[in-house]
Student: 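Got a structure for you, written out below as structure tokens; questions coming shortly.
Keep in mind it's a predicted model, so treat the numbers as computed, not measured.
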Amino acid sequence: MSMLPGVIPNNLGPFQFEPRYNEEEMRERDEPEGNENDEAVHDDVGRGRERYRELQDRLEGTIDVQDWCKCDKCRIPQNPVPKMCQCCFEHSALEDKMEGIDCIVNHPDFNAVCLTPAVLHIVVNSMEEVRGYGAAINDWSNRLYRHVAYRAYTYWIHQRLGRYNRRVIPACVVLTIRDMWPEENGQYTSYKEADEVGDAWHL
């Protein structure tokens, strides 16, 4: 039956004569869209979770200290959190300082920077002046020495990080500083994230 020009038959559907997808093309079409950045973020999140589980196992003793400490100076600190169960050899920021030594606490500059009272006095006095917190501190407790020693170590390794930007200190460093300035009651403050403390410097 002949059709008048411009008249569309009732049984003719849209795209009726377009080529059809084969099975492989159908699978590709139905897969969720993504990109390399999405995959990279997913991988980072996965590695972060695995790392946290590993540190938790270290804290709980499921992984023995000898299995993760390469400097032979680490042990589980008192009042720890999982992040504190790390050896200096695991910190990439220390690579340029670890050549030829078995632990960062044996670096020639460590004692001078972190364990010398005169240096720590200079550090805290300079920060008081820069931040304008008032008169220099005269009553130096062991707690204050530890706090300033941790800060001096962070400056030495990471330079200035900026306010509320924190870095975990290896267990061997924390223990060495605690041994130098112990707390009489044996109770120590654990590592805290920036959102768990105010301005940690203002004591």
Side-chain angles (χ1 to χ4, degrees), residues 55-56 58-61 64-66 68-91 93-94 97-98 101-203:
L55 295 176
Q56 185 68 40
R58 293 179 181 184
L59 176 61
E60 295 173 353
D64 194 75
V65 173
Q66 284 72 27
W68 56 266
C69 175
K70 296 182 180 179
C71 70
D72 293 329
K73 294 185 182 296
C74 297
R75 62 183 188 273
I76 304 299
Q78 192 272 341
N79 193 24
V81 294
K83 281 189 175 182
M84 297 173 69
C85 302
Q86 299 184 43
C87 178
C88 57
F89 276 93
E90 297 180 273
H91 287 228
L94 302 180
K97 292 181 168 60
M98 296 296 290
I101 62 174
D102 58 359
C103 181
I104 191 62
V105 303
N106 290 331
H107 190 283
D109 293 339
F110 178 82
N111 277 9
V113 172
C114 301
L115 302 181
T116 305
V119 172
L120 300 182
H121 288 198
I122 292 171
V123 170
V124 76
N125 288 338
S126 65
M127 291 306 302
E128 290 288 321
E129 181 178 349
V130 169
R131 296 196 178 187
Y133 287 152
I137 297 172
N138 295 317
D139 184 16
W140 280 75
S141 64
N142 278 4
R143 178 178 179 273
L144 178 56
Y145 272 118
R146 291 195 306 273
H147 181 90
V148 180
Y150 298 148
R151 184 59 60 94
Y153 171 85
T154 302
Y155 282 142
W156 178 45
I157 300 301
H158 303 286
Q159 311 303 316
R160 190 174 189 278
L161 295 174
R163 203 173 184 184
Y164 306 123
N165 193 355
R166 302 169 70 80
R167 292 290 185 275
V168 176
I169 298 175
C172 46
V173 174
V174 171
L175 294 167
T176 299
I177 292 173
R178 287 182 178 181
D179 288 344
M180 182 70 176
W181 290 291
E183 196 66 24
E184 288 185 5
N185 62 9
Q187 299 300 311
Y188 296 91
T189 302
S190 181
Y191 171 82
K192 297 182 183 299
E193 298 290 353
D195 58 357
E196 296 180 288
V197 295
D199 189 339
W201 181 257
H202 193 181
L203 299 173

Student: Once you round to the nearest 0.5 Å, how far does SG of Cys69 lie from CD of Gln86?
Tutor: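 Those atoms lie 12.0 Å apart.
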
Student: About how many Å separate CG of Leu115 and OG1 of Thr176, when rounded to the nearest 0.5 Å?
Tutor: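 With rounding to 0.5 Å, OG1 (Thr176) is 7.5 Å from CG (Leu115).
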
Student: Report the distance from atom OH of Tyr150 to atom CG of Leu120, rounding to the nearest 0.5 Å.
Tutor: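 Going from the OH atom of Tyr150 to the CG atom of Leu120 covers 12.0 Å.
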
Student: Within the 4.5 Å heavy-atom criterion, are Pro170 and Tyr153 side-chain neighbours or not?
Tutor: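 In short, these two side chains touch, coming nearer than 4.5 Å.
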
Student: Are Cys71 and Asp102 packed together at the side-chain level, in the sense that at least one heavy-atom pair is separated by less than 4.5 angstrom?
Tutor: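 A side-chain contact under 4.5 Å is absent here.
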
Student: Ignoring hydrogens, what is the shortest heavy-atom contact between Leu55 and Pro82? Give both atom names and the distance.
Tutor: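 Between these two residues, the closest heavy atoms are CB-O, 3.5 Å.
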
Student: Under a 4.5 Å cut-off applied to non-hydrogen side-chain atoms, are Cys103 and Asp72 in contact?
Tutor: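 Cys103 vs Asp72: side chains apart.
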
Student: Could you tell me whether Glu90 and Arg58 make a salt bridge, using a distance below 4.0 angstrom between a side-chain N and a carboxylate O?
Tutor: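 Counted as a salt bridge, because a side-chain N and a carboxylate O are separated by less than 4.0 Å.
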
Student: Would you say the ring centroid of Trp181 lies under 6.0 angstrom from that of His147?
Tutor: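 No; His147 has its ring centre 6.0 Å or more from that of Trp181.
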
Student: Return yes if some donor-acceptor pair links the side-chain N/O of His107 with the main-chain N/O of Asp109 below 3.5 Å, else return no.
Tutor: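 It does hold such a pair.
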
Student: Indicate yes or no: at least one non-hydrogen side-chain atom of Leu175 is less than 4.5 angstrom from one of Lys73.
Tutor: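 No. Closest side-chain heavy atoms not under 4.5 Å.
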
Student: Does the distance from a Lys or Arg side-chain N to an Asp or Glu carboxylate O, for Arg178 and Glu183, drop under 4.0 Å?
Tutor: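 A salt bridge is absent here (no side-chain N lies under 4.0 Å from a carboxylate O).
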
Student: I'd like to know if the side chain of Thr116 and the backbone of Asn111 have a donor-acceptor N/O pair within less than 3.5 Å.
Tutor: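 Present.
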
Student: Tell me whether Lys97 at atom NZ has more than 12 heavy atoms from other residues, nucleotides or ligands lying less than 6.0 Å away.
Tutor: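 Check passes, neighbour count above 12.
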
Student: Considering non-hydrogen atoms only, spot the tightest contact between Trp156 and Val113 and give its length.
Tutor: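 It is CB-CG1, 3.8 Å.
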
Student: Can a donor-acceptor pair be found, under 3.5 Å and without considering hydrogens, that links the side chain of Asn142 to the backbone of Pro182?
Tutor: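 Yes, Asn142 side chain to Pro182 backbone: donor-acceptor pair under 3.5 Å.
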
Student: Roughly how far, to the nearest 0.5 Å, is the CD1 atom of Ile104 from the CG atom of Leu94?
Tutor: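 Result: 5.0 Å between the selected atoms.
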
Student: Just verifying a value: how many Å separate Arg151 CZ and Ile169 CD1, rounded to the nearest 0.5 Å?
Tutor: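 Reported to 0.5 Å precision, the distance equals 9.0 Å.
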
Student: Quick check against the 3.5 Å criterion: does Asn125 have a side-chain atom that pairs as donor or acceptor with the backbone of His121?
Tutor: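 It does hold such a pair.
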
Student: If every non-hydrogen atom of Ile76 is compared with every non-hydrogen atom of Cys85, which pair is closest and at what distance?
Tutor: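 The pair with the smallest heavy-atom distance is CD1-SG, 3.7 Å.
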
Student: Hey, what do you get for CZ (Phe110) to SG (Cys88), rounding to the nearest 0.5 Å?
Tutor: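 Nearest 0.5 Å value for the CZ-SG distance: 10.0 Å.
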
Student: Measure up the Tyr145 and Trp140 rings against each other and bin them: parallel (under 30°), tilted (30 to 60°), perpendicular (over 60°).
Tutor: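 Tilted: the ring planes of Tyr145 and Trp140 meet at 30° to 60°.
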
Student: Whether the side chain of Arg146 engages the backbone of Ile177 through a donor-acceptor N/O pair (distance < 3.5 Å, no angle test) should be reported.
Tutor: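 Judged by distance alone, no pair lies under 3.5 Å.
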
